[in-house]
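Data first, discussion second: the structure below is written as structure tokens.
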There are 4 protein chains.
Amino acid sequence: MSQKIRIDLNSDVGESFGIYKLGLDEEVIPHLTSANIACGFHGGDPGVMRKTVSLAKQYGVEVGAHPGFPDLIGFGRRNIDATLEDIRDYVVYQTGALQAFAVSQGLRLQHMKAHGALYNMAVANPKIWEAMADAVSRVDKEIILVALASSKNESLLEMGRRHGIRIAFEAFPDRAYRNDGSLVPRREKEAVIEDHEVVARRALKMALEGKVIAIDGTEIELRPDTLCVHGDNPAAVQMVKKIREELKASGVNVISMKWFV
Amino acid sequence: MSQKIRIDLNSDVGESFGIYKLGLDEEVIPHLTSANIACGFHGGDPGVMRKTVSLAKQYGVEVGAHPGFPDLIGFGRRNIDATLEDIRDYVVYQTGALQAFAVSQGLRLQHMKAHGALYNMAVANPKIWEAMADAVSRVDKEIILVALASSKNESLLEMGRRHGIRIAFEAFPDRAYRNDGSLVPRREKEAVIEDHEVVARRALKMALEGKVIAIDGTEIELRPDTLCVHGDNPAAVQMVKKIREELKASGVNVISMKWFV
Amino acid sequence: MSQKIRIDLNSDVGESFGIYKLGLDEEVIPHLTSANIACGFHGGDPGVMRKTVSLAKQYGVEVGAHPGFPDLIGFGRRNIDATLEDIRDYVVYQTGALQAFAVSQGLRLQHMKAHGALYNMAVANPKIWEAMADAVSRVDKEIILVALASSKNESLLEMGRRHGIRIAFEAFPDRAYRNDGSLVPRREKEAVIEDHEVVARRALKMALEGKVIAIDGTEIELRPDTLCVHGDNPAAVQMVKKIREELKASGVNVISMKWFV
Amino acid sequence: MSQKIRIDLNSDVGESFGIYKLGLDEEVIPHLTSANIACGFHGGDPGVMRKTVSLAKQYGVEVGAHPGFPDLIGFGRRNIDATLEDIRDYVVYQTGALQAFAVSQGLRLQHMKAHGALYNMAVANPKIWEAMADAVSRVDKEIILVALASSKNESLLEMGRRHGIRIAFEAFPDRAYRNDGSLVPRREKEAVIEDHEVVARRALKMALEGKVIAIDGTEIELRPDTLCVHGDNPAAVQMVKKIREELKASGVNVISMKWFV
């Protein structure tokens, strides 16, 4: 009996701050299986965190911490020359803060996914994944660490085992890949794929075959557990809906990562 | 057989921030039974929180969250016209952040004591104690809420029971009291008692009889569980040492509040 | 020969922060004569300040500083128990920062208008107007201080003379007034007038007669120099346009306050 | 008739924040000719800025802006991947804020010297000096830009001429130099020279001959206009005093850079 293919859909939410609203959380959350919730350093504030956890709970979407650098003015998108110890401390702090909002609503964090520059710096420097794994494993070994799917999956899994935590690999259907499995940087003009049909097709291929076609035409293997989608605007939300429908129509089981990672 | 009188000694610590050092934590913590650790809003930062938890652990001192208003420039000492919901969210956030540092070192928070203006506003408005009790009880019902010992102890205990949490009452040996059990505000010149002998005597009376002599000479009942002491400077640390020694010499059992509250 | 009636139109702009966008500055600024630009404490950041000054310059709109409390999470709308010295320092700092952006584009600040809670606290406590007047007069005596038009205009003018600065009085066409000339607080349900026709009529009456009908039907005198309008959403912008057109149609000279205050 | 050799002594001051005190400003300022005053991003706050300007004024010491990255938690010592436009805006903002405190006390800024990572990043990337020169020249062409003395002095002078501003070159008597004129990075163990005698001797050689002995024994030319000294602790203040006395004893005219740059 063949087992059904499973995939998780995650998105960055809860990034509003004070009076400032960002993203269509109310609209995109119902289509997700995992919500990455900002924790107050690059976006989000205590009230936004509470409300976003509540929204995810309402739709049965798993919640995760989405920590970033303490750089609200740069939205956590700028590399900061922080030490590994700083990074570990930032992750412990923010994960704990969000865990408290989850627990206060009868939930527990499913996962932790770093934001922006912190995520990108980890992709470039595995010692940062290690600092994050250390942080997460110390706070709660049930929390899954989300990392970029690439040719380095095996070494990250090994790292996760050392820390006693699970790793989920993530791919980006709307981002161009190089043939070494890395993302084309955003500053390059072909980095982001706008065409909804193409993005949905890539999402399907990622889920069904675990593969993506790189920018030079090479087919590369990613074997992602979760696909990252966006809720920045109405069109983005429509795309998420479309991706989820097409995945289901192709027999993919769209469920939260905690059930299969 | 008479039971030994028990008292806890608490102090605000972990209030350094980045390069800025505040307080003699290394020197005062060994003399405490409960450490109130700042959580990053009015003081403290993730690295300071980690180090302060570690220091408390090293001396077997119980750790507690010491949340304040998001007002670093005013050190959390200025009233901010925040809503009860804001306050609840600020307490959940900061308590969760510190809980994560405690857990990551194999500890759990014993208590939560609000800082500065947040504490003073609660003394003036019991709805704020209620918001804090709600926050704490949602995060972890084992966390003891520290409140000002006064004639209102009973109603606060009743509030604690409603939320399923314990309340510890605190008194200030170095602060003058009015005859209604409230503290003389700091802006008044007799608010703080400088004489170490007098402070130690007041601490003893608070522990042994549960009473204090108010500024008008009236003896009033406070029945505190914990005495708040300071580690701002070498003299303050000496005073803490002296208070602890005199309490012990008088047969008082100086232990963490969790054992008897 | 009768002199033409003159009125200024001001609005709070430049309140975006980092990635967070707030208000339709591009659309509302062309209809103003004075732009109150946030200075980084409650909203605004250095890049937003530069761009907003540039936008105002493009449309020949005078620029002013719009300082607030250091409370980004509360958008400067919460009373903070700051000292008069704090307030003076906050105003000097923020006014200087914006003056530098003005000067760097060949402009100079026309005015200073406090934001949110800082403004409201000044209305309640004239010592705060005094602290602001002191701050402004020390930075640049050409900067006009904008204050709420009320029965206290004379005493504020006298204060301005003492500090060697001009005072401009402001009225709010879309806000209900009490018969003592104070604004009905926002938390009361009749505080804000939504009907565009009514608001435009009130604006006209304010400009032409210097008067407003209070919530109890009494006609009261305000003699405003400037009317505060909003650019929060497309409807608000339409209202500003309508107000300006009707003022012009009635023969009012809509010009920057510096020409007549 | 030979002209007397002139040198300026500068130091970073005004770096306290809120309740947090840093540096012995009261003690070091009397020995300086130029005070670099933090502007609220990496340290300093509006009240501290006012008080530090006042202290400098009292001793006839020239004031300058000392802007840094918006990174209080890292004290502006961590590289942040900011754009040139960000940097220009940060410098305009902070310089303007401090200018307002200077003007409000009847002074004007003499100079601008970047702090920490911002300074170091400029040393590594001349486009950042250019962004700063652009910022300073737009705010006030009388403000002197302080840059690291090195073999690149000529190209920086040329840059200054293009922007219509003066450049002052700075050297560090207590820092080791490489033979290319760059500073040995702080993370290397020989970076900072502790021996007061040696430091004073180096200061003299810098002032009298414009030269320093690099770490490999090579004599290199720096031709500094100003020497950077420190007031972190009593020993540092003693060193400043000693340096100034020895400079005077050797016939060097210790005066503010504005008189000769």
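Note on naming: letters A, B, ... go to the chains in the order of the sequence lines (proteins, then strands), and numbering restarts at 1 for each one.
- Heavy-atom pairs under 4.5 Å with chain D peak, among C/Val92, C/Val139, C/Asp140, at C/Val92.
- By number of non-hydrogen pairs under 4.5 angstrom with chain D, the leading residue of C/Ala100, C/Gly106, C/Ala135, C/Ala97 is C/Ala97.
- Using a 4.5 Å heavy-atom cut-off against chain D, no residue of residues 116-126 of chain C qualifies as contacting.
- In this structure, the side chain of C/Tyr93 engages the main chain of D/Cys39 through a donor-acceptor pair within 3.5 Å.
- Atom NZ of D/Lys21 sits in a crowded spot, with more than 12 heavy atoms from other residues, nucleotides or ligands closer than 6.0 Å.
- Heavy-atom neighbours of chain D within the stretch residues 40-60 of chain C, taken at a separation under 4.5 angstrom, comprise C/Gly40, C/Phe41, C/Pro46, C/Gly47, C/Met49, C/Arg50.
- Taking every heavy atom of both residues into account, C/Asp89 and D/Phe101 meet most closely at O-CZ, 3.4 Å.
- The environment of C/Arg161 atom CZ is dense: over 12 non-hydrogen atoms of other residues, nucleotides or ligands sit within 6.0 angstrom.
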